[in-house]
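Quick notes on the structure that follows.
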Amino acid sequence: MKEKMRIHGGARLEGEVMVSGGKNAAVAIIPATLLGDSPSVIENVPDINDVHIIIEMLKYLGAQVEFKDNVMTIDPRTADKFDPPYELASRMRASYYFAPVLLGVFRRCSVPLPGGCDIGPRPIDQTLKGMRTLGAHVDTPGGVIMASADELVGGDIFLEMPSVGATVNCMLTAVSASGTTCIHNAAKEPHIVDLANFLSSMGAVVKGAGTDVIRIRGGRHLHGTNYTVVPDQIETGTLMIAAAATGGDVIITGTIPTHMEALSAKLLEMGVHVTSEDDIIRVRSNRNFRSVNVKTQGYPGFPTDLQQPLAALLTVANGTSIVTETVFESRFRYLDELRKMGASSRVIETTAIITGVDRLVGARVNATDLRAGAALVIAALMAEGVTEISGVEYIMRGYERFDEKLRSLGAHIERVREGSPVPVGGFLPNI
Ligand code: UD1
């Protein structure tokens with residue numbers, strides 16, 4: 001059943017909200033449990049659609065999986081297949097993390113090319129190069145990653161850009177390769193460090209995660225483990241921006257403030273109060289925002305996944321902001337939807353020029369990808385009147401109980417059936 005979100009803007013967010021486990025960490029860690037010779041228990045797993053797709057893939061491959069109250073138990077010992085089906089793999093980006101894992105376990109794999117958000121070209125050449133460097137025969141006939149290797153042997157992999165996906169896949173290949181692998185120009189995102197910590201807890205030797213060079217001594221026997229997933233950096237950031245957008249006062253708990261420094265710096269520059277202590281971030285604002293310029297970069301730079309949510313806030317800032325997207329060139333399509341709500345922007349190649357307006361107004365808009373959906377929710381929270389957002393399934397791919405969390409802070413937000421004029425919760429007036 002397709003749903004849309006209906007939001008009555010103007011409510012100030014106030015109170016305390018707990019961040020869920022990281023999506024991008026969980027989707028790398030869970031497939032990696034297949035590398036162990038005994039069950040793993042993973043805690044703080046976000047209950048999101050992408051995780052449910054991974055569960056279906058694990059079950060198809062023959063593993064036993066239980067998932068309840070954000071704790072997942074995976075018993076890999078019964079896994080006996082190396083060819084997840086297209087219907088599952090094409091539904092998410094991280095499905096290709098199964099390729100190096102299955103190659104390590106079965107010495108061959110057949111994994112359909114990944115799906116995921118349509119935010120511009122998402123090639124996988126660096127992943128294929130990394131796997132080949134370690135001795136795999138890899139090809140992609142008919143849109144399927146077919147790989148095999150009698151033996152995987154460590155080596156030096158030079159990534160052409162610090163790709164998150166390629167770094168994950170090279171790490172997952174390297175733990176099964178004998179000798180030492182060095183991944184140069186590696187991504188430094190918190191989820192890379194979390195995957196390294198997870199692999200170490202399985203018995204792997206991984207050094208340097210969080211820097212440009214990751215060194216892995218592979219070929220060791222890996223066992224099941226108990227592990228807790230790192231808090232979600234992007235959910236934290238989205239909640240921080242939502243709090244600021246509504247002139248709210250929100251305490252975000254269970255987070256890692258150092259992961260948020262690039263966003264906190266931008267919000268402070270905009271005139272938002274951001275303070276942090278231990279695992280808590282507090283965001284307060286008076287809705288009087290200064291315009292800023294933002295350029296997306298790999299960690300510790302400003303994350304591309306927060307470009308869209310922050311841009312929603314910039315639509316009501318005083319003056320003109322320049323947003324430069326250096327990671328995914330087509331990540332500005334959501335600006336067309338924001339324009340329907342009164343936002344003023346124009347895009348020149350990889351730069352968006354956003355001129356602040358006095359107010360946004362409710363409209364019917366469409367979420368075209370996960371973070372675009374988050375941006376529309378933030379815009380709707382600020383807008384006068386009612387906004388209806390379709391494409392909710394994108395938002396639920398990556399945010400756990402997003403509407404529920406915002407409601408607990410005072411937002412007037414509900415999920416209603418697509419095509420149905422009658423709200424399921426039934427408290428909002430018609431548009
Ligand atoms: C991951 C995140 C996504 C985030 C992105 C950038 C997951 C599941 N998804 O996506 O939320 O927006 O990092 O932080 O973790 N590239 C190539 N060749 C490759 C690989 C990448 O040219 O083989 C390019 C891409 O086109 C893109 C850039 O490198 O321009 C970064 O992509 P990458 O870091 O790989 O993003 P994903 O892993 O897909």
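Counting starts at 1 for both ligands and their atoms, following the listed order.
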Query raised in the report: Quick one: does Pro123 get within less than 4.0 Å of ligand 1, heavy atoms only?
Result: yes

When you check the gap from the basic side-chain N to the acidic O, do [X] and [Y] get nearer than 4.0 Å?
X	Y	answer
Arg331	Glu325	no
Arg290	Glu269	no
Asp212	Lys188	yes
Glu56	Lys59	no

Query raised in the report: How about Thr238 and Asp305: do any of their side-chain heavy atoms sit closer than 4.5 Å?
Result: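 Side chain of Thr238 against side chain of Asp305, heavy atoms only: no contact under 4.5 Å found.
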
I'd like to check whether [X] has a polar contact with ligand 1, where a contact means an N/O of the residue lying under 3.5 Å from an N/O of the ligand.
X	value
Phe328	no
Ser163	yes
His191	no

Requested in this report: Taking atom CZ of Phe106 as the centre, report whether more than 12 heavy atoms of other residues, nucleotides or ligands fall under 6.0 Å from it.
Outcome: yes

Residue [X] vicinity, atoms of ligand 1 by number, heavy atom under 4.0 Å:
X	answer
Ile124	23 (O)
Gln126	18 (N), 19 (C), 23 (O)
Arg331	12 (O)
Gly165	35 (O), 38 (O)

Proximity of [X] to ligand 1 by residue part, where a heavy atom lies under 4.0 Å:
X	result
Val164	both
Arg93	side chain
Ile234	neither

Query raised in the report: Can the positive tip of Arg371 be found less than 6.0 Å from the middle of the six-membered ring of Tyr399, inside 45° of the ring normal?
Result: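 The answer is yes; both the distance and angle limits are met.
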
Requested in this report: Taking side chain to side chain contact (heavy atoms under 4.5 Å, CB included) as the test, write out the residues that go with Glu160, two or more places apart.
Outcome: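 Partners of Glu160 by the side chain to side chain contact (heavy atoms under 4.5 Å, CB included) criterion, ordered by chain and then number, come out as Gln126, Lys129.
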
Requested in this report: Would you tell me which option among Thr304, Asp305, Asn24, Thr167 has the nearest heavy-atom contact to atom 6 (C) of ligand 1?
Outcome: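 The option holding the nearest heavy atom is Thr304.
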
